[in-house]
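Report on the structure given below.
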Amino acid sequence: MTKTGQKITAIRAYVVEGGGADYHDQSEDHWIVGQIATPMSIYPEYKATRTSFGINVLNSIVVEVEADNGVVGFGISTGGYPAAWLIMNHLDRFVVGKPVENIELMWDQMYRSSIYYGRKGIVMNAISAIDLALWDLLGRLRQEPVYAMIGGKVREELQFYATGPRPDLAKEMGFIGGKLPLVYGPADGDIGLKKNIQQAEEMRNRVGSDFWLMWDCWMSLDLPYAQKLMDESAKLGFKWIEECFNPDDYWSYRDLKKRAGNNIMVTSGEHEATRYGFRLLLEYCDVDIIQPDVGWCGGLTELMKIGNIAESYGKLVIPHGSGVYSHHYVTTKVNSPFTEYIITSPKGDKILPQYYPLVANEPIPKNGKLKVEDTPGFGVELNRDKHLIPINKGKSV
Ligand SMILES: [Mg+2]
């Protein structure tokens with residue numbers, strides 16, 4: 001890759017106050033705020049909504065990196081004040097003053113220097129946001145879209161399935177499938193299981209036999225329950241059952257996959273991180289599809305390594321949401337033949353941009369399809385009207 005001759009002169013981290021990319025922080029009648037099965041559903045007082053247990057306490061973050069010549073790239077993740085503080089007080093030293101091209105070196109130093117307290121979670125969100133900002137900056141300096149810098153397109157158009165409460169409407173909007181958030185978990189017993197299956201039957205009747213249907217279980221199940229739900233859903237032609245267990249419970253993923261046979265796919269990885277975590281999901285658990293979030297798994301640099309491992313196992317990489325950051329990856333990969341769109345409109349009936357309103361000029365699928373544009377970097381701009389709180393270097397925020 002030709003050197004730009006540019007060094008990074010500054011890094012800036014912001015916390016997004018008042019919504020932003022955080023579609024969990026929404027009005028009360030938003031589908032994403034209603035009852036969804038979670039690891040906290042076993043506690044009645046935290047069952048009705050995910051905001052009740054604090055899903056929205058960590059706001060979105062924005063990271064900007066600036067080059068000698070004043071060009072700025074940006075990246076987005078979650079992690080709120082703790083992540084932004086780490087960026088400005090620990091990780092910044094591996095970025096500021098370094099040649100813009102040295103993304104691999106910067107990533108490795110950020111990762112190794114934080115292993116003793118990091119590896120996953122907030123630290124990896126922070127590293128991911130910096131990594132996305134670095135790729136965006138490099139593309140802007142080279143006047144190339146990110147997809148062109150990581151190998152070029154293997155297909156012209158991306159095809160999307162939709163996640164939301166109304167797969168029937170997703171079908172009308174042109175998506176190839178619909179993934180339902182599971183409402184009832186093990187604490188709701190057999191009655192809850194029956195209600196889940198009823199919902200699946202109703203939806204199957206509405207969308208017909210050919211439209212893909214899937215379950216998103218958001219880490220809420222145990223193995224006996226997951227097996228019952230899987231077996232009943234396989235009879236209804238469900239395509240996959242997603243993220244059934246606590247991400248640390250690799251043993252349950254392994255056992256569910258063994259019991260699934262060829263009837264339905266077992267998928268996971270939304271809350272997994274780095275090549276090491278995904279190696280376990282692939283090698284030990286044998287899951288059918290891994291679903292890394294590029295803003296959480298380690299950024300684009302790490303996603304490429306994760307994806308290469310998956311390819312060697314003959315498995316698909318279908319990233320979790322994440323708009324343009326996923327699009328630029330997916331369009332370059334043979335083993336990512338389709339991708340996810342999260343329906344963020346309150347009733348699941350409209351297509352809104354994934355980071356609305358934090359990001360301006362975000363492309364959205366038309367008829368379930370989208371062509372990644374040739375604009376440099378990730379091709380989007382920050383909406384400066386949003387309330388961005390700059391986080392300073394120093395002991396306090
Ligand atoms: Mg999911």
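Quick note: residue numbers are just sequence positions, from 1. All ligand and atom numbering here is 1-based and tracks the order in the structure.
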Would you say His387 and Glu17 are linked by a side-chain donor-acceptor pair, where the criterion is simply a distance under 3.5 Å?
no
Ring centers of His328, Trp135 separated by less than 6.0 Å
no
Which single N/O/S atom of Glu242 lies at minimum distance from the Mg ion (ligand 1)?
OE2
Donor-acceptor pair, side chain of Glu362 and main chain of Tyr355, under 3.5 angstrom:
yes
Of all N/O/S atoms in Asp216, the name of the one nearest the Mg ion (ligand 1):
OD2
The N/O/S atom of Glu270 lying closest to the Mg ion (ligand 1) is OE1
Centroid separation Trp212 to Phe338 less than 6.0 Å:
yes
